[in-house]
Enquirer: 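Here's a structure for you.
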Number of protein chains: 2
Amino acid sequence: MTEATPGRRGGRQLPTADELRIWRDFIEATAALGSRLESRLQGDSSLSTGDYSVLLALSEAEGQAMRSSELASHIGWERSRLSHHLGRMERRGLIRRQECATVPRGSEVLLTAAGAEAFSGATFPHLRAIRELFVDALTPDQIVAAGEIATALRARLDVLAKD
Amino acid sequence: MTEATPGRRGGRQLPTADELRIWRDFIEATAALGSRLESRLQGDSSLSTGDYSVLLALSEAEGQAMRSSELASHIGWERSRLSHHLGRMERRGLIRRQECATVPRGSEVLLTAAGAEAFSGATFPHLRAIRELFVDALTPDQIVAAGEIATALRARLDVLAKD
DNA sequence: ACCTACCGGTTGACGTGTCAATGATGCTAA
DNA sequence: TTAGCATCATTGACACGTCAACCGGTAGGT
């Protein structure tokens, strides 16, 4: 009783004006939050949030190394996105790539010393920024609500994953 | 009282593990939501959400036209972003630019017939997608909470607008 | 009048993301 | 054996964003 064709109440197709306003506020605020976090991290460490995700995953990995596809699914990226990103990170000396010994066609991504150092220097300021921009912005109730909203949105996206 | 260094007030510097988990869920879910909306709109209309914002503003404008800087502040974009985007939209015939008669150095952005048509074809599917992916994902209480969270985040960003 | 400072707008360089196509290699079935 | 076929990863083309530099012109102050 949520969907339907034009008409039937309880089943309108389009958002109300209020819903639309909230939608706009919500999507714009979260986008602004993300981009502020991004520039904060950039200023504090010369890393992007993408770099940070990759370095975090590698730091926590066995031997500071992971297979490329494993890394991609771990951080939820498409393979080509990761490949492009690793190319840029490799040019900056943050990671290295080498043929994987165990898996035939696999490529192994290694954290370099420079990468580990950049990551460890970025961690504290990044977490502090999350606190300042997100945690401190909300009441404890709102933080809980934000978690539930995230879960609900994610569930909805997963349910509609066939588009 | 959880973390360390210069800790005055009941103000630890770093988020707790729970806060961090919620942060991650939240930022990832909203990013995924945005990109799903984007690809929905793309598939339904061959417009991006950026195109949509521009066309919406122009559609509602006096004479289907606006000065460039006015448009930029109306949709909250940086000037160079808008300039690049208008260049792409102009190549696709969605808008036109011409010297502004009233303001010396100003440039005026006009909606073309093709642009108006693309916009009107995109509106219904786009609103429907917002409903399916956002409104239908949440309870009425959660929608209200989402609005409050957006407002709180925005307020926090504005307060810290000096970085 | 002249110098300077700002203002509206554009441009170039570069990082980032997606999509589709391309290797390179193993697996399986005719 | 060999013709497909799936898998791992990369590449190229292109859209999008940001940053910093630039350009043309108007406005102030001296």
Enquirer: Is the side chain of Thr30(A) donor-acceptor paired with the backbone N or O of Ile27(A) at a distance under 3.5 Å, no angle test?
Expert: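 Judged by distance alone, yes, a pair lies under 3.5 Å.
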
Enquirer: Tabulate protein N/O versus nucleotide N/O from nucleotides 13-16 of chain C, keeping only pairs under 3.5 Å, one per line.
Expert:
| from | atom 1 | to | atom 2 | distance (Å) |
| --- | --- | --- | --- | --- |
| dT16(C) | OP1 | Ser48(A) | OG | 2.9 |
| dT16(C) | OP2 | Arg88(A) | NE | 2.8 |

Enquirer: State whether Ser35(A) places a side-chain N or O below 4.0 Å from either non-bridging phosphate oxygen (OP1 or OP2) of dG17(D).
Expert: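 Checking Ser35(A) against dG17(D): no side-chain N or O falls below 4.0 Å of OP1 or OP2.
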
Enquirer: Calculate the interatomic distance between Leu71(B) atom CG and dT10(C) atom P; express it in whole Å.
Expert: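 The answer, rounded to whole Å, is 11 Å.
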
Enquirer: In whole angstroms, how far is the C1' atom of dT18(D) from the CZ atom of Arg40(A)?
Expert: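 Value for this atom pair: 18 Å.
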
Enquirer: Between Thr49(B) and Ser80(A), which has a closest nucleotide on DNA chain D that is more 5'?
Expert: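 In this pair, the answer is Ser80(A).
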
Enquirer: Closer than 4.0 Å, any side-chain N/O of Arg79(A) to the OP1 or OP2 of dT7(D)?
Expert: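 Checking dT7(D) against Arg79(A), no side-chain N or O comes under 4.0 Å of OP1 or OP2.
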
Enquirer: Test Leu94(A) against every option in Val54(A), Leu47(A), Leu86(A) by the side chain to side chain contact (heavy atoms under 4.5 Å, CB included) rule and name the one that passes.
Expert: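 Between Leu94(A) and the candidates, side chain to side chain contact (heavy atoms under 4.5 Å, CB included) is satisfied uniquely by Leu47(A).
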
Enquirer: Taking any heavy-atom pair under 4.0 Å as a contact, classify Ser83(A): base, sugar-phosphate, or nothing.
Expert: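 Result for Ser83(A) = base.
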
Enquirer: Please give, in whole Å, the distance from dA9(D) P to Ile95(A) CD1?
Expert: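 Computing the Ile95(A):CD1 to dA9(D):P distance gives 13 Å.
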
Enquirer: If you draw a 6.0 Å radius around CD in Gln42(B), do more than 12 non-hydrogen atoms from other residues or ligands fall strictly inside?
Expert: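 Buried by this count: over 12 neighbours within 6.0 Å.
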
Enquirer: Return the nearest nucleotide to the side chain of Glu78(A); candidates are dT18(C), dG8(C), dA9(D).
Expert: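 The answer is dT18(C).
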
Enquirer: Below 4.0 angstrom, N of the basic side chain to O of the carboxylate: do Glu132(B) and Arg40(B) qualify?
Expert: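 Looking at Arg40(B) together with Glu132(B), the answer is yes, because their closest N to O distance falls below 4.0 Å.
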
Enquirer: Looking at Asp51(A) and Arg92(A), does any basic side-chain N land under 4.0 Å from a carboxylate oxygen?
Expert: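 Counted as a salt bridge, because a side-chain N and a carboxylate O are separated by less than 4.0 Å.
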
Enquirer: Between P on dT11(C) and CG on Leu86(B), what's the gap in Å once rounded to a whole number?
Expert: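 For the pair Leu86(B) CG and dT11(C) P, the rounded distance is 11 Å.
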
Enquirer: Rounded to whole Å, how long is the line connecting atom CE of Met89(B) with atom P of dG17(D)?
Expert: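 That distance rounds to 12 Å.
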
Enquirer: Carefully, step by step, assess Arg96(B) and Glu108(B) under the rule side chain to side chain contact (heavy atoms under 4.5 Å, CB included).
Expert: CA-CA 8 Å; Arg96(B) 267 186 320 120; Glu108(B) 186 134 37; over 6 Å; no

Enquirer: Roughly how many Å is it from CZ in Arg97(A) to C1' in dC8(D), rounded to a whole number?
Expert: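 Spelled out: CZ on Arg97(A) to C1' on dC8(D) is 12 Å.
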
Enquirer: Would you call the rings of Phe26(A) and Phe134(B) parallel, tilted or perpendicular if under 30° counts as parallel and over 60° as perpendicular?
Expert: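 Geometry flag for Phe134(B) against Phe26(A): tilted rings.
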
Enquirer: Output the rounded distance in Å from CG (Leu82(B)) to C1' (dA15(D)).
Expert: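 Atom CG in Leu82(B) sits about 16 Å away from atom C1' in dA15(D).
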
